[in-house]
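Before any comments, here is the structure.
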Amino acid sequence: MTRRFVLSIDQGTTSSRCIVFDRHARLAGMAQRAHRQHYPRSGWVEQDALEIWRTVEKVVPAALRDAGIEAGDVAAIGIANQRETTVVWDRATGVPVRRAIVWQDVRTEALVERLREMPGAERITALSGLPLATYFAAPRLRWLLDEVDGLRERAERGDVLFGTMESWLIWNLTGGEHVTDVTNAGRTLLMNLATRQWDEELLRFFDIPRAMLPRIEPSTGDFGTARVAAPGVRIGAALGDQHAALFGQTCFAPGETECTYGTGGFLMMNTGPEIVRSRHGLLTTIGYQVGPEPVYALEGPIAVTGSLVQWLRDIVGLIATAPEIETLASTVDDNGGCYLVPAFSGLYAPHWRSDARGLLIGLTSYVTKGHLARTVLEATAWQTRDVVEAMNADAGLRARSLRVAGGMAANNLLMQIIADVLDIPVTRPLVTETVSLGAAYAAGLAVGYWPDLQGLRRNWRAAAQWLPHPDRTRRDEEYAHWQRAVHLSIGWARPADGTRH
Ligand code: ADP
């Protein structure tokens with residue numbers, strides 16, 4: 001029997017999706033199911049890990065049916081997942097001790113403030129590559145250990161287990177493998193970026209019992225064999241979703257850069273085999289590891305990109321559907337002098353200011369609805385430029401082009417604006433399911449379904465490309481206006497207002 005397909009599971013923030021790919025990276029079958037979000041208090045975001053597992057258990061056979069194949073036709077499973085979402089479950093019963101705490105959850109803000117004052121806090125970035133922030137998993141795990149009665153004792157005995165989503169899914173799929181990969185472990189604040197193992201100093205700092213932690217594997221590694229959903233199929237790979245996107249876009253060479261534009265925007269630049277420490281507000285992370293050595297990356301998350309378009313649609317009501325923004329913005333040639341900094345809950349990379357708030361500036365009676373629509377699209381482009389400039393400065397490399405995917409990448413006008421603003425070509429691939437494809441690629445490599453990276457590169461095909469307009473003068477002037485607007489947005493939410501997030 002030849003195993004002709006590879007299957008990927010993308011366990012995302014709002015849904016779980018399973019896609020079957022063939023050897024040419026063509027989509028052969030797909031199934032998707034959403035799960036619920038719980039908001040028990042302001043700033044808290046939770047998900048039911050058992051519900052998520054049940055959706056995965058259903059979408060895998062559904063995708064196989066959609067492709068008209070059976071588990072026996074599948075060479076390997078690859079998993080990509082929402083990162084930093086924290087699950088703790090009972091080793092004996094498999095029942096989560098609480099709902100999963102989702103990556104957007106900021107309940108640990110006070111805890112993080114306290115930890116920042118502790119001796120050793122200044123070493124965290126050097127060891128983990130990340131700033132101490134609510135965004136990552138370790139403070140959530142620490143919060144659970146402090147809050148749930150008796151949990152610490154059970155954790156010390158190894159009776160309860162910690163994992164991010166891929167660990168939780170693999171444990172359920174295999175019936176008990178407790179394992180994670182370097183890209184996910186690298187987002188906990190507990191992994192040493194150089195050794196790629198749990199770091200004793202970080203574990204002590206966050207006071208996390210080692211007995212509850214999974215084993216760390218490379219992104220293509222030994223994750224066991226599925227016993228349910230696709231019985232008998234080896235799990236060949238696991239990666240955080242944005243890392244899978246980098247891999248799926250075949251950004252295998254230093255300097256190659258991609259961005260996934262969805263609700264938020266996530267840029268990643270391959271920086272090669274050496275760790276590049278950021279001095280310009282980026283995260284240092286493992287891009288992926290498919291062999292003995294990892295590829296490092298710089299990452300710049302942007303909190304608000306597509307969600308600004310949703311805001312214009314649902315709250316402001318200026319458009320009825322997201323694609324309409326392109327039509328409206330095309331009624332004008334420029335932004336009419338307007339800039340919108342969408343710091344709705346502060347700014348992420350490269351500014352990292354939780355005290356920034358949204359700002360619309362440059363209004364005159366000349367400004368029309370069209371200008372506003374254009375200003376909204378430009379906000380994504382200018383934020384991208386902020387991150388790319390930081391990447392170029394940190395890496396000592398220049399991004400020579402940007403590969404894009406995600407819901408917003410459907411907007412042709414926006415892609416042209418990004419090319420102009422960055423002054424580099426922007427390319428959209430034929431297969432825009434880059435997260436799923438990246439997980440499939442890594443899994444396929446693990447079992448020899450695809451021979452090597454070169455083979456994967458050959459599968460990558462551009463569907464569309466936008467070249468920058470040759471005149472840079474106006475762009476640079478406008479970028480200076482944008483930078484002034486960002487400056488003005490910072491510091492608006494003072495802690496005393498009680499509006500600080
Ligand atoms: P996520 O994976 O984060 O849920 P998606 O990749 O599905 O997001 O992208 C959805 C986002 O893209 C939404 O925020 C939506 O407003 C935005 N979006 C979708 N289509 C367009 C478009 N044609 N122009 C601009 N934004 C769009």
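First listed ligand is number 1; within each ligand, the first listed atom is number 1. What's counted below: heavy atoms across the whole structure, side chains too, no hydrogens, waters or symmetry copies.
Ranked by closest heavy atom to atom 18 (N) of ligand 1, the top entry among Gly264, Ala322, Ser15, Ala329 is Ala322. Residue nearest to atom 9 (O) of ligand 1, selected from Ala405, Gly407, Pro323, Ala409: Gly407 (by heavy-atom distance).
For atom 11 (C) of ligand 1, the nearest non-hydrogen atom of the protein is Gly262 C, 3.9 Å. At the top of the distance list for atom 4 (O) of ligand 1, counting protein heavy atoms only, stands Thr263 OG1, 3.5 Å. In this structure, the protein non-hydrogen atom closest to atom 13 (C) of ligand 1 is Gln310 OE1, 3.4 Å. Annotation: atom 26 (N) of ligand 1 to nearest protein heavy atom, Met408 CG, 3.3 Å.
Close approach of ligand 1 to Ser307 is summarised as follows: ligand atoms under 4.0 Å from at least one heavy atom of the residue are 14 (O). Remark: ligand 1 atoms within the under-4.0 Å shell around heavy atoms of Asn411 are 24 (N), 25 (C). The contact set between ligand 1 and Gly406, taken as ligand atoms under 4.0 Å from a residue heavy atom, comprises 6 (O).
The closest side-chain donor-acceptor pair between Arg403 and Thr250 falls under 3.5 angstrom. Remark: the Thr427 side chain and the Gln465 side chain contain an N/O donor-acceptor pair separated by less than 3.5 Å. Checking Thr85 against Gln82 by side-chain atom types alone, a donor-acceptor pair falls below 3.5 Å. For Tyr441 and Ser8, the side-chain atoms include no donor-acceptor pair closer than 3.5 Å.
Residue pairs satisfying the side-chain hydrogen bond (donor to acceptor under 3.5 Å, both in side chains) criterion with at least one member in residues 16-29, sequence neighbours excluded, are listed as follows: Gln11-Ser16, Ser16-Thr55, Arg17-Glu433, Asp22-Arg26.
For Gly306, a nitrogen or oxygen atom sits less than 3.5 Å from a nitrogen or oxygen atom of ligand 1, counting backbone and side chain alike. An N or O contact shorter than 3.5 Å is missing between Thr14 and ligand 1 by distance.
Distances from atom 2 (O) of ligand 1 to the protein include no heavy-atom value under 4.0 Å.
Using cut-offs of 30° and 60° for the angle between ring planes, the Phe266 and Trp103 rings count as perpendicular.
With Asn172 contributing its side chain and Trp168 its backbone, the two residues share a donor-acceptor pair below 3.5 Å.
Asp334 and Arg374 are not joined by a salt bridge, as no carboxylate oxygen comes within less than 4.0 angstrom of a charged side-chain nitrogen.
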